[in-house]
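Notes to accompany the following structure.
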Amino acid sequence: MIRGIKGIKDITPDEMPKWGVVERTAHALAQTFGFQEIRIPVFEKTELFVHSIGGTTDIVEKEMYTFPDKDGTSLTLRPEGTAGVVRAFIERGLKTYESSRKLYYIGPMFRHERPQAGRLRQFHQFGVEYVGSSDPSADVEAITLLWRYFSALQLPGLSLELNSLGQLADRRAYKEELVSFLKTKADGLCENCRRRLEANPLRALDCKIPGCREATNDAPFLTDFLSASSKEHFEQVLQGLQAVAVPYSINHRLVRGLDYYSMTTFEVSCSALGAQNAIGAGGRYDGLFETLGGSSTPAVGFAIGLERVILALPESTLPPPVPWVFVASFGEKGRQAGGTLLDSLRSDHVKADTDYNTSTLKTLLRSADRLNAPYVVILGDDEVDRNQVILRNMKTKEQEIYPLDSASSVIRKRLGFR
RNA sequence: GUGGGUGUAGCUCAGUUGGUUAGAGCGCCGGAUUGUGGAUCCGGAGGUCGCGGGUUCAAUUCCCGUCACUCACCCCA
């Protein structure tokens, strides 16, 4: 048989209720915060991602699904959403008639990694981009939305960590200091981190290897190198979060893996998840628009991994099932009347179903039981002769008799619809 | 890309120190019950023991390879 691709999962019907809540909540909450949905393509020119995410990041170096188009143009399945949104923003001139614009998206992303718990090659993200404001309140809004989303879904064991990477100039000064510090500790560093000294020294800070952690323990803090305005911005973000009672802690080691971040960065992790416990993360990316050929535009955003949300989603978040009716009709006249009733129920917006593969009352009831039907309409030749239907409550076993002609509307009311 | 674990019925897993016909629970089908589901009892169907090779009189079992799944590293959502 032909199997699916490694790390790429089907979402089966029994998982859909969870996806339903997760997606509906995302749409509803983003829209209450004033964000508008945008849909962007799942693939783009490769250079878009190389320029935005950064050529030396793991994502670009080894995790992208890249392939040539017929004319040779290199295309890539999107590994994240921000680059595409920014591209669309610039290309479509979405900025021209408003000073700031708030967008959100939900959709699949692709990264060629070895799959494990909470990590897939095709996964889904809900992300928002608050474009056009450098005000710390924009950071606060994004982080608040992120936090409220998880709260609405009642996810357990969450913690929000914040850091500030400062402006490019701040970071440059800090990097120099950090590199010279790390060189004094080079013996204690892992091979990977020694390599990072050249390419991406900040990443050594969140290396999990004990030796590196120890070596970087008394490393200088990035926050000590922030300019006065960067520091002020970060302070205001923290105050803003306090004002809306979003709990956070500061993590001086928090460094994001994508090159475009600056200033505020944040990450929410979930203790219910295992090794891949980052469930949502983001930050400010004031320089990205220019990098991609747009005018200088400040922006802040985040992305949430929906598969990870679903792994942590408690059963209690699911809405109660909608009541519905299984039509158990049998006998020649019964089946015919059953077909008509089925259609009237559906026309009255009542979920109704039956099973054409069984034909005795016993087996019809068994089907209804397997489908977890809360109600069953019993409709055999006898009922048709008497112009009646029987409505059976499967849980209480109580049965009520209604006239066949008005059955649909009576049943509709009986199920609690108005 | 690297490392560990696991592949036996539709599902969850036993088991065979190498030996006739490979088991259980759940699920499925039928009957007890010809117009009333779930429970109980009885009966039944269902297996290339992941795949390929090697050793052996004999391999599901031992060895090698391979593939898949899975967890972790790395990295990230």
Side-chain angles (χ1 to χ4, degrees), chain A residues 1 3-7 9 22 53 56-64 78-82 106-127 146 149-150 190-193 195-196 200 203 206-209 212 254-258 261 266-270 273-283 301-312 326 328-331 334 355 357-384 390-399:
Chain A
M1 81 178 180
R3 303 187 52 111
I5 303 167
K6 182 201 282 287
K9 286 234 169 94
V22 161
I53 298 168
T56 63
T57 59
D58 278 28
I59 293 181
V60 169
E61 275 183 344
K62 46 196 191 200
E63 294 174 3
M64 297 205 303
R78 63 181 185 193
E80 56 102 48
T82 301
I106 298 177
M109 307 294 164
F110 307 84
R111 293 183 197 171
H112 188 111
E113 302 183 88
R114 196 78 173 259
Q116 80 187 68
R119 193 174 72 184
L120 296 169
R121 289 184 175 180
Q122 174 175 338
F123 60 102
H124 295 75
Q125 287 189 333
F126 159 43
L146 174 71
Y149 177 69
F150 294 138
C190 70
E191 198 180 320
N192 214 340
C193 284
R195 199 172 53 85
R196 281 172 175 147
N200 202 345
R203 294 219 56 87
D206 69 350
C207 184
K208 287 171 200 132
I209 294 169
C212 301
L254 182 65
V255 176
R256 308 265 69 241
L258 287 70
Y261 286 117
F266 49 91
E267 177 172 313
V268 174
S269 51
C270 173
L273 277 187
Q276 306 302 323
N277 64 353
I279 197 166
F302 66 71
I304 293 172
L306 297 186
E307 278 79 1
R308 291 180 187 178
V309 169
I310 279 169
L311 283 176
F326 181 96
S329 59
F330 51 100
D355 177 1
N357 292 333
T358 53
S359 53
T360 66
L361 181 54
K362 181 191 177 68
T363 50
L364 284 163
L365 280 169
R366 188 161 56 207
S367 289
D369 187 52
R370 283 190 190 140
L371 293 170
N372 249 312
Y375 293 91
V376 171
V377 167
I378 296 174
L379 184 49
D381 289 347
D382 295 357
E383 283 71 27
V384 175
I390 300 171
L391 181 68
R392 178 181 177 85
N393 180 322
M394 290 294 273
K395 197 164 184 182
T396 65
K397 297 181 170 184
E398 283 167 337
Q399 299 192 164

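Quick note on labels: first sequence line is chain A, next is B, and so on, each numbered from 1. Hydrogens, waters and symmetry mates play no part in the numbers below; they use all other heavy atoms, side chains included.
- Residue contacts for A/Leu120: at a heavy-atom cut-off of 4.0 Å it reaches a base atom on one of the strands shown.
- A stacked arrangement is not assigned to A/Phe330 and the six-membered base ring of B/G35, the conditions of a centre distance below 5.5 Å and an interplanar angle below 30° not being jointly met.
- Per the geometry, CZ belonging to A/Arg119 stands 14 Å off P belonging to B/C69, to the nearest Å.
- Contact annotation: A/Lys362 side-chain N/O to B/A32 OP1/OP2 distance is not under 4.0 Å.
- For A/Leu273 and B/C76, the CG to P distance is 17 Å, given to the nearest whole Å.
- A/Ala368 approaches A/Val376 most closely through the heavy-atom pair CB-CG2, 3.5 Å.
- Between B/A77 and B/A39, the two C1' atoms lie 47 Å apart (nearest whole Å).
- Comparing B/G38, B/U70, B/A77 against the side chain of A/Leu258 picks out B/A77 as the nearest.
- The side chain of A/Asp382 has B/G35 as its nearest neighbour among B/G30, B/G35, B/C71.
- Using atom C1' as the reference point in both B/C62 and B/A24, the two lie 26 Å apart (nearest Å).
- Checking B/C74, B/U33, B/A72 against the side-chain heavy atoms of A/Ala275 singles out B/A72 as nearest.
- Note on A/Arg78: every side-chain N or O is 4.0 Å or more away from OP1 and OP2 of B/A77.
- When the C1' atom is compared between B/G52 and B/C57, the two are found 23 Å apart, to the nearest whole Å.
- Checking B/C69, B/G35, B/A77 against the side-chain heavy atoms of A/Ile378 singles out B/G35 as nearest.
- With both pairing distances under 3.5 Å, B/U60 is matched to nothing as a Watson-Crick or G-U wobble pair.
- Distances from the side chain of A/Lys397 to the nucleotides B/A72, B/A77, B/G38 place B/G38 closest.
- Closest approach to the A/Lys6 side chain among B/C74, B/A77, B/C69 is made by B/C69 (side chain taken as heavy atoms from C-beta onward).
- Taking the P atoms as reference points, B/C63 lies 15 Å from B/U17, given to the whole Å.
- The pairing partner recorded for B/G43 is B/C29, the criterion being a Watson-Crick or G-U wobble arrangement whose two distances lie under 3.5 angstrom.
- Summary of the strand contacts: A/Gly274 and A/Ala303 both lie near RNA chain B, and taking for each the nucleotide with the nearest heavy atom, the more 5' one is attributed to A/Gly274.
- A/Gln116 contributes a side-chain N or O that forms a donor-acceptor pair with the base of B/C74 under 3.5 Å.
- To the nearest whole angstrom, the two P atoms, one in B/U20 and one in B/G25, are 22 Å apart.
- A/Ile310 is not listed as a side-chain neighbour of A/Glu307, based on a closest heavy-atom distance of 4.5 Å or more.
- Not a single donor-acceptor contact under 3.5 angstrom links the side-chain atoms of A/Arg370 to the base of B/C28.
- Minimum heavy-atom separation, A/Phe123 to A/Arg111: CZ-NE, 3.7 Å.
- The pairing partner recorded for B/A22 is none, the criterion being a Watson-Crick or G-U wobble arrangement whose two distances lie under 3.5 angstrom.
- For A/Arg114, taking side-chain heavy atoms from C-beta onward, the closest of the listed nucleotides B/C74, B/C69, B/G3 is B/G3.
- Across all their heavy atoms, A/Leu146 and A/Gly280 have their closest contact at CD1-CA, 4.4 Å.
- B/A9 makes up no base pair with any nucleotide shown, lacking Watson-Crick or G-U wobble contacts both under 3.5 Å.
- For the P atoms, the distance linking B/U48 with B/G30 amounts to 24 Å, nearest Å.
- Atom name C1', nucleotides B/G37 and B/A45: the rounded distance is 23 Å, in whole Å.
- Nearest nucleotide to the A/Met394 side chain, out of B/G37, B/A77, B/G35: B/G37.
- Side chain of A/Arg119 to main chain of A/Arg114: a donor-acceptor pair is present (N/O by atom type, distance under 3.5 Å, no hydrogens or angles).
- One can place CZ of A/Arg111 at 6 Å from C1' of B/A77, the figure rounded to the nearest angstrom.
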message: Between A/Glu113 and A/Lys62, does the side-chain contact (heavy atoms from CB on, under 4.5 Å) criterion hold? Intermediate values first, please.
response: CA-CA 8 Å; A/Glu113 302 183 88; A/Lys62 46 196 191 200; over 6 Å; no

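- Each of A/Asp381 and A/Ala281 was assigned the nucleotide of RNA chain B with the nearest heavy atom; the assignment lying further toward the 5' end belongs to A/Asp381.
- To the nearest 0.5 Å, the span separating NZ on A/Lys395 from OH on A/Tyr375 amounts to 10.0 Å.
- Taking a pair to require two hydrogen-bonding distances under 3.5 Å in either a Watson-Crick or a G-U wobble arrangement, B/U66 pairs with B/G50.
- Between B/U6 and B/U12, the two C1' atoms lie 14 Å apart (nearest whole Å).
- In terms of polar N and O atoms assigned as donor or acceptor, the side chain of A/Arg392 comes within less than 3.5 Å of the base of B/G37 in a complementary pairing.
- One interatomic measurement links the two molecules: CD of A/Glu80 to P of B/A77, which rounds to 8 Å at whole-angstrom precision.
- To the nearest angstrom, P of B/A77 lies 11 Å from CZ of A/Phe266.
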field: Audit row: A/Leu306, A/Ile106, side-chain contact (heavy atoms from CB on, under 4.5 Å) steps and yes/no
entry: CA-CA 9 Å; A/Leu306 297 186; A/Ile106 298 177; 3.9 Å; yes

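- When rounded to the nearest whole Å, the span between CG of A/Asp58 and C1' of B/C73 equals 13 Å.
- Here the P atom of nucleotide B/G37 and the CG atom of A/Leu365 are 6 Å apart, to the nearest Å.
- Counting distance only, with no hydrogens placed and no angle test, the side-chain atoms of A/Glu383 and the base atoms of B/G35 include a donor-acceptor pair under 3.5 Å.
- Rounded to an integer number of Å, the gap from CG of A/Leu311 to P of B/C76 is 20 Å.
- Look at B/G3: its Watson-Crick or wobble partner, with both distances under 3.5 angstrom, is B/C71.
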